[in-house]
Amino acid sequence: MAAVEVVVAHSQRATLRVGDVFLKVDVDPAHADVEVRAMAMAPIPTPAILWREPPVLAIAAVRGKALGVLGEPSDASPAAWAAAGAAVRRLHDAPLPPWPGPRLDEVVTELDSECAWLLGSGVLPAEVVRHNREIAEAALRPWKPAFIHGDLQITHVFVDGDEVTGVIDWSEAAPGDAMYDLAILTLGHEERLDDLLAGYGDGADREVIRAWWSLRSLVASRWLIEHGFDPDAPGCEFDVLRARMPED
């Protein structure tokens, strides 16, 4: 009998692996609703849905391995990164999902709130928070909505050799800023941006991508701390923010 592996677990969601089956348990059924609908619409490889019995969604494992993990160098080839870029471009060019996505005013409000918390908590030097808040400003502009994954972490893109075999975890999919997906996929792996964009093609704004690196790291840090994760681990969010600082 296959062992049960806890992939991720916190107060909002748990994902278990049993053999080649992933069992996702979410306190909010709306997340699974979005995931199922988004995977049906996405023009790129996604996991097969085996069954659904709320609050549990069972999906099949995809072939290959993740493009990399946060905090460690990616051993995927430049061609694999380019293939990931091409897949993301197909997604961004697809018809928009019919549900609403994040609004600019909501992004601004969340950013200001999380920066205030970071400054008050003292978990980072104030100058790191303030400088990255300035960088993040470039992302705070009206965007033309695209079909985005919404949580395109490096661990959510699977490759086999130079082929993308599946993109997982679609519960944040929505109309949104295409540059956000490109930023999340390269967060902590900035050196692979050229490889990714080689496959993505024209239209990427590097300044906005860099701004989203700062913005995402600022707004995610409190959630990570409060749910038992460490944004100060090597190569993770705090390192991303520190790397934006000018050298003396």
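As the structure is a computational prediction, the values presented were derived from the model and not from experiment.
- Among residues two or more places apart in sequence or in another chain, the side chain to side chain contact (heavy atoms under 4.5 Å, CB included) test is passed with Ala116 by none.
- The side chain to side chain donor-acceptor pair (under 3.5 Å) pairs that include a residue from residues 48-71 are Asp33-Arg52, Arg63-Asp160, Arg63-Glu163, Lys65-Asp75, where partners are two or more places apart or lie in different chains.
- No donor-acceptor pair under 3.5 Å is formed between the side chain of Ser113 and the backbone N or O of Thr109.
- Using modelled atom types, no side-chain atom of Trp143 and backbone atom of Leu140 make a donor-acceptor pair closer than 3.5 Å.
- Taking a cutoff of 4.0 Å between a charged side-chain nitrogen and a carboxylate oxygen, Arg89 and Asp202 do not qualify as a salt bridge.
- Using a distance-only test at 3.5 Å, with no hydrogens or angles considered, no donor-acceptor pair links the side chain of Trp81 to the main chain of Ser74.
- Between Asp195 and Arg192, at least one side-chain N (NZ, or NE/NH1/NH2) sits under 4.0 Å from a carboxylate O, which counts as a salt bridge.
- The existence of a salt bridge linking Arg133 and Glu137 is confirmed by a sub-4.0 Å separation between a basic side-chain nitrogen and an acidic carboxylate oxygen.
- At least one donor-acceptor pair under 3.5 Å links the side chain of Asn132 to the backbone N or O of Leu241.
- In this model, a donor atom of one side chain and an acceptor atom of the other lie less than 3.5 Å apart for Asp151 and Gln153.
- For Trp223, the ring pair (Phe, Tyr, Trp, His ring centres under 6.0 Å) criterion is met by His10, His227, Phe229, not counting sequence neighbours.
- A donor-acceptor pair under 3.5 Å is absent between the side-chain atoms of His189 and the main chain of Gly71, judged by distance alone.
- Under 4.0 Å is where a charged nitrogen must lie from a carboxylate oxygen, and between Glu190 and Arg244 at least one such pair does.
- Think of Ile135 as one node in a network of Ile, Leu, Val, Met, Phe, Trp and Tyr side chains linked at under 4.5 Å; it has no links at all.
- No side-chain heavy atom of Glu134 sits less than 4.5 Å from a side-chain heavy atom of Ser214.
- Listed by first and then second residue, the side chain to side chain donor-acceptor pair (under 3.5 Å) pairs that reach into residues 172-188 are His92-Asp181, Arg141-Asp177, Asp177-Trp212, Tyr180-Arg216, Thr186-Trp213, sequence neighbours excluded.
- Atoms CZ and CG, on Arg13 and Asp26 in that order, are 4.5 Å from each other to the nearest 0.5 Å.
- Without hydrogens or angle criteria, Glu106 side chain to Arg103 main chain gives a donor-acceptor distance under 3.5 Å.
- Residue pairs meeting the side chain to side chain donor-acceptor pair (under 3.5 Å) criterion with at least one partner in residues 39-50, sequence neighbours excluded, do not occur; the list is empty.
- Rounded to the nearest 0.5 Å, atoms CG (Leu16) and CZ (Phe22) are 10.0 Å apart.
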